[in-house]
Amino acid sequence: MLLPVLLSGLVLGTAAPASAHAVVRATDPADGTVLRTAPRQVTLTFTESVGLLTDSFRVYDPGNHRVRTGPAGHAAGRSDTARVTLPAKLATGTYTVAWRVVSADSHPVSGALTFSVRERTAAPAAPPSEQTENPATTALNSIARYLAYLSLALLLGTAAFVAYCRPPTTAHLRTPALAAAAVLTAATAGLYLLRAPYEEGTSPATALALSSLTRTATTRPGLLLLARLVLLLLAAACAGLLRTRRVRLPRRATLAAAAVLAVALSLTWSASDHASAGIQVPAALVSATLHLLAMAAWLGGLAALLWTLRRSAAPAGLSASVPARFSRLALASVTVLVVTGVYQSWRGLGSWQALTDTTYGRTLLAKLAAVAALLLAAACSRTWTTRLARAAAPVRARVPEPATGPPLPPEPPPAGPAPVTAVHLLRRSVLAEAVAALLVLALTTLLTSTVPGRAATESARPAAAPVVAGIPTASVITIPFDAGAPGGRGRVQITLDPGRVGGTSVQAVVYGPDGGFASVPELRITLTLPAQRLGPLDTRVTDRGGYWAADSFTLPVPGTWTLKATVRVSDVDQVTVSAPVRVTR
């Protein structure tokens, strides 16, 4: 009953573009600069290695016509760069570069920048209205990822439950295990088919194109998905062969083969997500794999226990040692999850401030709240498990019989709930655990598609434009903002030309959450010099139809000024963001 609700939430919640790990560290030419001569190429440098698409760059001239460029490539020996060659001659005016690459953790990332040759045009040219993400493709990909996580947890958790908890009969667990294996295979195949449309932001209808399938097979995420399919099909073939010939392997050999398969399957996840990029990659891969295995043993084993309790109407149908063993398995899994989770949180956040200032940090807090609810339900389950074990334990004490006199009255029953009541309460607490576990899995899926706080913080640092020979230096400041309203995220790019004492012009462009140009009802930009208690000075920028500008503004003294931008995105929603800017003589 809960699964359709969660899937509907994923469909509605994934209409916005998915965030990715790779963020732009630097651009050449710098965003918003005026160049004396036309550049021969555009180079982007990212925080991690990126993969290129057939249409990674689209360059538009001042007349909003697409410019013919060379194929996209990497700078020599730099997999963390993306480069495109421009024509030899470019006309005077402002050019727009729209780009799209695939980060090392398998998520596409896109954006845009502008540069001007000799002088700026009246308004920055906007590229044609193109969606950077296809909502249907993004939603289907998110659903397939969630189903893959869920089915992996059920498959590996059921296997761990059978191997460690040793229920009296396992026939009732064969159906959910086979269903989980089938769903995992189908979800993996779906992820492979959707890989090319997901990367390119196209419709799901292009998934079966031969060029898309062959290209996906040459990428690392595609190879990992193929490896996962091969492992699943190989395991199914071996299991079918052994069952047909009625061959029983030794228990140790079976457990060893299952452990190898579980680790190999988990690696196909950790090698394609956040652990495969950033700092301390080897340690992160080990941590992510252990985290996934512990999650599967706990949550999947929980589902197997719930299924077993459902089939046991009375304590006689369920050995008290089964929930007791699972309690120990869950405790060990939680210990591994805490250790690896703390490490992965530190690696992903980078600072305490990112815990509340970034989407990744806020999503992590929501996941921690869900885990806390899961642990509370687990504590209740552990209590009822202990009482059930005590109720099922045989009474070994002998009651002495009197030599003479009337017989002793019968011994009163032990305090506490009856065994049948304990089983019923255990079922309810385990069901509560399962509900919290589904929420934890959904938030985990969301975390894998969200830019880590460390990378988000690095991308938020304003970058100054380089000095161009023969032209006064322009200061370009890019500040992200989030008004907390739907569609209220983006960044504002402010250019002070020249960024030095005296008369200067101010231009500002607002970008929306998809990286394209955005129109806002109001924008106010002020500068303050705290060291000399000067300001705030209002630049009085006005809307010029696509961008905001003030032709004449005076910076009286040099120093490190604080630039504040107040962005109003609706009648009631606005936010003020700030960044330092250095003003020279």
Ignoring hydrogens and geometry beyond distance, is a side-chain donor-acceptor pair present between T43 and R83 at under 3.5 Å?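 The criterion, which ignores hydrogens and geometry beyond distance, is satisfied for R83 and T43.
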
Ignoring hydrogens and angles, state whether a donor on the side chain of T289 or S270 is under 3.5 Å from an acceptor on the partner side chain. yes

Would you mind reporting whether [Y] and [X] have side-chain heavy atoms less than 4.5 Å apart?
X    : Y    : value
I525 : T566 : no
Q507 : V476 : no
P29  : V42  : yes

T92 side, atom OG1; Y95 side, atom OH - distance, nearest 0.5 Å: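 One gets 7.5 Å once the value is rounded to the nearest 0.5 Å.
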
Atom pair CG (L140) and CG (L191), whose distance is rounded to the nearest 0.5 Å: 10.5 Å

Ion pair check, R215 and E199, cut-off under 4.0 Å: yes

Does a side-chain N-to-carboxylate-O contact under 4.0 Å join D543 and R568?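 Judged by the 4.0 Å cut-off on N to carboxylate O distance, D543 and R568 do not form a salt bridge.
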
Partner residues of Y192 under the ring pair (Phe, Tyr, Trp, His ring centres under 6.0 Å) criterion, sequence neighbours left out: none

Only counting residues at least two apart or in another chain, list the ones meeting ring pair (Phe, Tyr, Trp, His ring centres under 6.0 Å) with W548.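 Residues passing ring pair (Phe, Tyr, Trp, His ring centres under 6.0 Å) with W548: none at all.
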
Could you go through R489 and D573, starting from their C-alpha distance and side-chain angles, then the distance that decides it, and tell me whether this counts as salt bridge (charged side-chain N to carboxylate O under 4.0 Å, His left out)? CA-CA 11 Å; R489 294 186 300 107; D573 298 303; over 6 Å; no

Tell me whether the count of non-hydrogen atoms from other residues, nucleotides or ligands lying under 6.0 Å of CZ in R68 goes above 12.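 12 or below, so no.
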
When you measure from the side chain of S142 to the backbone of T138, do you find a donor-acceptor pair of N or O atoms at a distance under 3.5 Å? yes

Within 45° of the ring axis of W269 and under 6.0 Å from its six-membered ring centre, is that where the NZ or CZ of R228 lies? yes

